[in-house]
Amino acid sequence: QAARGPAPACVLGIDLGTTSVKAALLVRGKQGQVVAESCSRETQAHTSSLEAGPQGMEQNVQKIIKALNECLAALPQQQLQRVSHIGISGQMHGIVFWKKDKGCKWTECDTGSTFEPEEVSHLITWQDGRCSPTFLSSLPLPQSHISLATGFGCATVYWYLKKSPDFLKSYDAAGTIHDYVVAMLCDLKKPLMSVQNAASWGYFNCRSKSWNTDILKKSGFPVHLLPEVGDPGSIAGKTICAWHGIPKGTKVGIALGDFQCSVYFCLTERTDAVLNISTSAQLTVSMPPGFQPPETLDPSSAVTYFPYFDGDYLAVAASLNGGNVLATFVDMVARWTEELGLQVEKSAIYTKIIEAALAHNNSKLSIHPTIFGERHVPGQLASVTNIAVSDLTLGHVTRALCHGIVENLCSMLPVQHLMEMGVRRILGSGSALARNEVLRQEVARIFPFPVVYGKDVDAAVGAAMVMFHRK
């Protein structure tokens, strides 16, 4: 090693996801960055909500940090000691509260220092349902191009303000779960949040890069809980301890949105669109440089503009109906089978319905599959039309269902718009697309572009790449 000179510096990427934590170490290779090591751990952090009951969706922060510590402990010490920058992304929209001077406790371990949460609330996640449509309509109208929804940080603060005000008195800082980790690593006296995460909380104006402070103050909102806001890709601070052997003083990037990091990982050309179908589904394309979202809100618009990097925006059609629709269909078939006194494993049903659909190239049956509604039309549920005797087989129904899932996403961001935006190719990713040949066939049928598969989304690697490009 001495003869070849010092080992190259590494960049550590971390993603604090809804169900798991992932860490990846990137080094510079001959053809750009290479993932040297990676590790992921399930968080198993879901917990019941005392205040919100069954509508609440909360996670135990201690369990999330435990999974993070396990991830880092599993990575090679030699490489962690060479880390020069840390990039962190995570689940957007959610909120966690803490006490500034008692946010965590640092302890020594075999490989350096680790921290554990101290006076920290549960994480109220993006899936939280405590804010009903009636409650949301009672709140002041935001000056933002993004509609407010349940699970958004500012909506959750309003809920506590009106339903459980004493809860808020226990804390003097708040952020997303990844903002919390950055604040602890760098001992930030006031949390720092990227434009990406701020936009995901609601009541944030992306043009002026500022909170709707006047609107919030008038309604008694505790504005002291709002973090400072900075640009994605900037440095938030430096590590105050040798965290898991990573040198003290290592630069830590401002926390980023997991969605933006996933896109950053796979989107290399402006002429590419990213189609991701996993539990839910997204179709994303980057807007031209200089694009600004409309000043006023259009709640009926199916496309949302997410802040990306360097002042750019992503146009995103985010559907609540993806692989979860097929999973519900499989559940239904399993329940019907059980009611008939038979037993079939769900995994066997999934395999059989895909096989059956592959035997039918198309179906006259028309299924609008929005059983989970959509954010822009929450009241519109699913429907089946054009039912003919000839198309009642399991294969026909499955084929029509897969077509409907892709068609619904396409209706939110139509082919004509993609062409006008200069799209020439689609990058397909996500677990539902990977395991379902029928879905892939329907993508090829509906979109008149070449579709490339194989490079799945990875927010942890994306977060590391952001720091690599900004070193």
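When the options Q91, H93, Q260 are evaluated for a side-chain contact (heavy atoms from CB on, under 4.5 Å) with S200, the one that passes is H93. The side-chain contact (heavy atoms from CB on, under 4.5 Å) test with V252 singles out one residue from I86, I246, V181, and that residue is I86.
Between D272 and R425, at least one side-chain N (NZ, or NE/NH1/NH2) sits under 4.0 Å from a carboxylate O, which counts as a salt bridge.
Screening residues 278-289 for side chain to side chain donor-acceptor pair (under 3.5 Å), with sequence neighbours left out, gives N276-S278, N276-Q282, S280-Q282. Residue pairs meeting the ring pair (Phe, Tyr, Trp, His ring centres under 6.0 Å) criterion with at least one partner in residues 215-242, sequence neighbours excluded, are Y158-F221.
With sequence neighbours left out, K102 forms a side-chain hydrogen bond (donor to acceptor under 3.5 Å, both in side chains) with no residue at all. Residues passing the salt bridge (charged side-chain N to carboxylate O under 4.0 Å, His left out) test with K217: none are found, sequence neighbours excluded. Taking R440 as the reference, E437 meet the side-chain hydrogen bond (donor to acceptor under 3.5 Å, both in side chains) condition, with sequence neighbours excluded. The side-chain hydrogen bond (donor to acceptor under 3.5 Å, both in side chains) test applied to R270 returns D312, not counting sequence neighbours.
Under the 30°/60° scheme for interplanar angles, the aromatic rings of F291 and Y305 are found to be tilted.
For the residue pair M421 and A315, the shortest heavy atom distance occurs at CE-CB, 4.2 Å.
Aromatic ring centres of Y313 and Y308: separated by at least 6.0 Å. For F306 and F259, the ring centers are positioned less than 6.0 Å apart.
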### Task
Check step by step if side-chain contact (heavy atoms from CB on, under 4.5 Å) holds for N205 and N212.
CA-CA 7 Å; N205 186 310; N212 300 168; 4.1 Å; yes
### Query
So K346 and D331, salt bridge (Lys or Arg N to Asp or Glu O under 4.0 Å) or not? Walk me through it.
CA-CA 7 Å; K346 283 183 189 173; D331 274 348; 2.6 Å; yes
#### Entry: Verdict with reasoning, V229 to F204, per side-chain contact (heavy atoms from CB on, under 4.5 Å)
CA-CA 10 Å; V229 180; F204 184 79; 3.7 Å; yes
### Query
Run the side-chain contact (heavy atoms from CB on, under 4.5 Å) check on L25 and V83 step by step: do they pass?
CA-CA 8 Å; L25 282 165; V83 168; 3.6 Å; yes
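Atom NZ of K190 sits in a crowded spot, with more than 12 heavy atoms from other residues, nucleotides or ligands closer than 6.0 Å. Within 6.0 Å of NZ on K238 lie no more than 12 heavy atoms contributed by other residues, nucleotides or ligands.
Here the CZ-CD1 distance, from F152 to I95, works out to 13.0 Å after rounding to the nearest 0.5 Å. To the nearest 0.5 Å, atom CG of residue L72 and atom CZ of residue R41 are 10.5 Å apart. Taken to the nearest 0.5 Å, the CD1 atom of I354 stands 5.0 Å off from the SG atom of C402.
For the pair R130 and F135, the cation-pi test (distance below 6.0 Å, angle within 45°) is failed.
Counted by atom type alone, S49 and E58 present one or more donor-acceptor pairs between their side chains at under 3.5 Å.
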